[in-house]
Asker: 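Here it is: the structure, laid out below.
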Amino acid sequence: MTENLHIKKIPVIAIIGPTAVGKTKFSLELARRLNAEVISVDSRQVYRYLDVGTDKVSPDIRREILHHLIDIADPDQVYSAADFASDATDAIGRIRNRKRVPLLIGGTPFYYKALCGTLSEDLPKDAAVREMLKEEIEKKGLAELHNELSSVDPAAAAKIHPNDPVRTMRALEIYRITGRPATWWYENQAKMGSPFDIFYIGLIRERSNLYKNITARVREQFSNGYPEEVEWLLAQGYSPSLPALQGFGYRELVQYVKGSCSYEEALEGDIRSTKAFSRRQMTWFRHYEPAMWYDFDKYEMSEAMEDVLPHCIRHLEQEGKD
RNA sequence: GGCGGGAUAGCUCAGUAGGUAGAGCAACGGACUGAAAAUCCGUGUGUCCCCAGUUCAAUUCUGGGUCCCGCCA
């Protein structure tokens, strides 16, 4: 038992913070200083053709600093947090084989959670079962499905709010595929576990300034081809109901392209949802208790860089020690 | 200038057959086991435009004023 405590964990650096706080710019400079390769922790940048709306770094920069887990799935695929955990683990391994430093950057908190190894191993999923559950909600209503969950998996039903279709369906999905309640799997299935010792650097700035950045960014995206990008995706035949197109901006712009809302409405809607998302990110990131927090309203980015660099190096060097 | 409609939460508006008010959105907080930029939960004191009148009591009724929006000149 105690042997496990001596297994050496792989040191990794991660930059977390809400959208539009300045993670990307900071990460590029840090990557140069550490001779690092970047692993994107972003549930939208994994998709090809979602470029403007997801604020991907340019190909030029990607040639200079290698970026992983960007453009690895088509928009009609469903890329999951578990996929991420496994892909990111592979990528970190390859980076280390090159004697380089893995640097995690991105704003998808659930992906960090997956990488921390707290998800249960090998939980099944099945698109067809999911589709059937969706139809049942249409026909019978969500309340009916939640009742069904109460009878097959009372513990899950107690935790999942009756108004939450996604979690209700997921719990029933596991039950229907395996014949055992999701709760049974959670309790009896091993957790994925994580070989990483992640050093979190948190970036933050005052709410009103963050909101200003968000507004400016979304406006810029809109005038730099965001509507055209969505128009193109729809023209390729990608369905608006795909998970890839459920993000803010994409959702609103689908309406705009179809003519059911105005350009202004789409723009305002995107800004609103992005702000709401930044708040949700913050409630996650508060739990991570980063080793360092940098408030970009009080710190110049360069000051933060000088300050954090020695800590990163110390963290990376601890590998040799026990 | 004439006629009509309006003025209530940050915004759009509902409402009180007279007993000081509530939805959606926003804002803020929270949850989160393979869709997570998803999904869901919680939090509602505001000169009910101003002045006067009627009344035990007016945001609600009456009169006047101010501003806004239509239509007609």
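Please read all numbers here as calculations on a predicted model, not as lab measurements. Protein chains get the first letters and strands the later ones, always in sequence-line order, with residue 1 at the start of each. Just so you know, these numbers use all the heavy atoms, side chains as well, and skip hydrogens, waters and symmetry mates.
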Asker: Can you tell me how far C1' of B/A35 sits from CE of A/Met169, to the nearest Å?
Answerer: 9 Å
Asker: Glycosidic conformation of B/G34, syn or anti, with 90° from 0 as the boundary?
Answerer: syn
Asker: With a 4.0 Å cut-off, would you call A/Arg32 and A/Glu64 a salt bridge?
Answerer: yes
Asker: Does A/Thr54 reach a base, just sugar-phosphate, or nothing at all? Heavy atoms under 4.0 Å.
Answerer: base
Asker: Could you work out the separation of B/G29 and B/A14 based on their P atoms and round it to a whole Å?
Answerer: 32 Å
Asker: Should A/Lys275 be listed as having a side-chain N or O under 4.0 Å from OP1 or OP2 of B/A26?
Answerer: no
Asker: Just how far, in rounded Å, is C1' of B/U33 from NZ of A/Lys113?
Answerer: 6 Å
Asker: Taking the basic N atoms (NZ, or NE/NH1/NH2) and the acidic carboxylate oxygens, is any pair closer than 4.0 Å for A/Glu317 and A/Arg314?
Answerer: no
Asker: Both A/Ser241 and A/Pro165 contact RNA chain B. Taking the nearest nucleotide for each, which residue is further toward the 5' end?
Answerer: A/Ser241
Asker: In whole angstrom, give the distance that lies between atom CG of A/Asp164 and atom P of B/A38.
Answerer: 13 Å
Asker: What nucleic acid atoms does A/Asn163 come within less than 4.0 Å of, heavy atoms only: base, sugar-phosphate, or nothing?
Answerer: sugar-phosphate
Asker: Starting from P on B/C40, measure out to CG on A/Leu145 and report it in whole angstrom.
Answerer: 14 Å
Asker: Identify whether the distance between the nearest side-chain nitrogen and carboxylate oxygen of A/Arg62 and A/Asp71 falls below 4.0 Å.
Answerer: yes
Asker: Do the side chains of A/Glu136 and A/Lys139 get close enough for a salt bridge, i.e. N-O under 4.0 angstrom?
Answerer: no
Asker: So which of residues 282-290 of chain A are in contact with RNA chain B, with a heavy-atom cut-off of under 4.0 Å?
Answerer: A/Thr283, A/Trp284, A/Arg286, A/His287
Asker: Round to a whole Å and report the spacing from CZ of A/Arg279 to C1' of B/C40.
Answerer: 15 Å
Asker: What parts of residues 171-203 of chain A reach RNA chain B, counting only heavy atoms under 4.0 Å away?
Answerer: A/Tyr186, A/Lys191
Asker: Indicate yes or no for a side-chain donor-acceptor contact from A/Asp197 to the backbone of A/Lys9 under 3.5 Å, with no hydrogens or angles considered.
Answerer: no
Asker: Whole Å only: how far is the CZ atom of A/Phe277 from the P atom of B/A26?
Answerer: 16 Å
Asker: Would you indicate, yes or no, if B/A38 has its OP1 or OP2 atom less than 4.0 angstrom from a side-chain nitrogen or oxygen of A/Arg251?
Answerer: yes
Asker: Which whole number of Å gives the distance between the C1' atom of B/G46 and that of B/C41?
Answerer: 26 Å
Asker: With a non-hydrogen cut-off below 4.0 angstrom, is A/Tyr79 in contact with a base, only sugar-phosphate, or nothing?
Answerer: sugar-phosphate
Asker: On RNA chain B, does the nearest nucleotide to A/Tyr111 precede the nearest nucleotide to A/Arg272 from the 5' side, or the other way round? Give the residue.
Answerer: A/Arg272
Asker: Taking the P atom of each, how far is B/C25 from B/A21, in whole Å?
Answerer: 23 Å
Asker: Have a look at A/Pro109 and say if it touches a base, only the backbone sugar-phosphate, or nothing, with a 4.0 Å heavy-atom cut-off.
Answerer: sugar-phosphate
Asker: For B/A7 and B/C50, measure between their P atoms and round to the nearest Å.
Answerer: 13 Å
Asker: Quick one: label A/Tyr211 by what it contacts on the DNA or RNA (base, sugar-phosphate, nothing), any heavy atom closer than 4.0 Å.
Answerer: sugar-phosphate
Asker: For atom NZ of A/Lys125, is the number of surrounding heavy atoms from other residues, nucleotides or ligands below 6.0 Å larger than 12?
Answerer: yes
Asker: Between B/U33 and A/Thr118, counting only base atoms on the nucleotide and side-chain atoms on the residue, is there a donor-acceptor pair under 3.5 Å?
Answerer: no
Asker: Can you confirm whether or not the ring centre of A/Tyr263 sits under 6.0 Å from the ring centre of A/Tyr256?
Answerer: yes
Asker: Kindly express the pairing pattern of RNA chain B in dot-bracket notation, using | wherever a base pairs with another strand and counting only Watson-Crick or G-U pairs under 3.5 Å.
Answerer: (((((((..((((.....[..)))).(((((.......))))).....(((((..]....)))))))))))).
Asker: Quick one: label A/Gly53 by what it contacts on the DNA or RNA (base, sugar-phosphate, nothing), any heavy atom closer than 4.0 Å.
Answerer: base
Asker: Between the side-chain atoms of A/Arg167 and the base atoms of B/C32, is any donor-acceptor pair under 3.5 Å?
Answerer: yes
Asker: If only atom types and distance count, is the side chain of A/Lys191 paired as donor or acceptor with the main-chain N or O of A/Glu121 below 3.5 Å?
Answerer: no
Asker: Quick test of your reading of the model: are A/Asp55 and A/Arg217 salt-bridged, counting only N-O distances below 4.0 Å?
Answerer: yes
Asker: Distance check, P atoms only: B/C67 and B/G10, in whole angstrom units.
Answerer: 23 Å
Asker: What is the distance, rounded to the nearest whole Å, between atom CD1 of A/Ile271 and atom P of B/A27?
Answerer: 11 Å
Asker: Are A/Asp270 and A/Thr274 close enough that a side-chain donor and a side-chain acceptor fall under 3.5 Å?
Answerer: yes
Asker: Whether A/Glu29 and A/Arg33 form a salt bridge (side-chain N of Lys/Arg under 4.0 Å from carboxylate O of Asp/Glu) is what I want to check.
Answerer: yes
Asker: Please give the distance between the C1' atoms of B/G44 and B/U62 as a whole number of Å.
Answerer: 33 Å
Asker: Could you tell me how far B/A57 sits from B/G64 if I compare only their P atoms? Round to whole Å.
Answerer: 23 Å
Asker: Parallel, tilted or perpendicular: which one describes the rings of A/Phe26 and A/Phe296, with boundaries at 30° and 60°?
Answerer: tilted
Asker: May I have the distance from A/Gln281 (atom CD) to B/G30 (atom P), rounded to whole angstrom?
Answerer: 14 Å
Asker: Write down the distance separating the C1' atoms in B/A31 and B/A36, rounded off to the nearest Å.
Answerer: 13 Å
Asker: For a quick check of understanding: with a heavy-atom distance under 4.0 Å over all strands, which category does A/Asp122 fall into, base, sugar-phosphate or nothing?
Answerer: base
Asker: Does the side chain of A/Thr183 come under 3.5 Å of the side chain of A/Asp153 through a donor N or O and an acceptor N or O?
Answerer: yes
Asker: Think A/Arg170 has a side-chain N or O under 4.0 angstrom from the OP1 or OP2 of B/C40?
Answerer: no
Asker: Counting distance only, does the side-chain N/O of A/Gln45 pair as donor-acceptor with the main-chain N or O of A/Thr54 below 3.5 Å?
Answerer: yes
Asker: Regarding A/Gln45, tell me which of base, sugar-phosphate or nothing describes its non-hydrogen contacts under 4.0 Å with the strands shown.
Answerer: nothing
Asker: Would the distance check show the side chain of A/Tyr186 and the main-chain N or O of A/Ala156 forming a donor-acceptor pair, the cut-off being under 3.5 Å?
Answerer: no
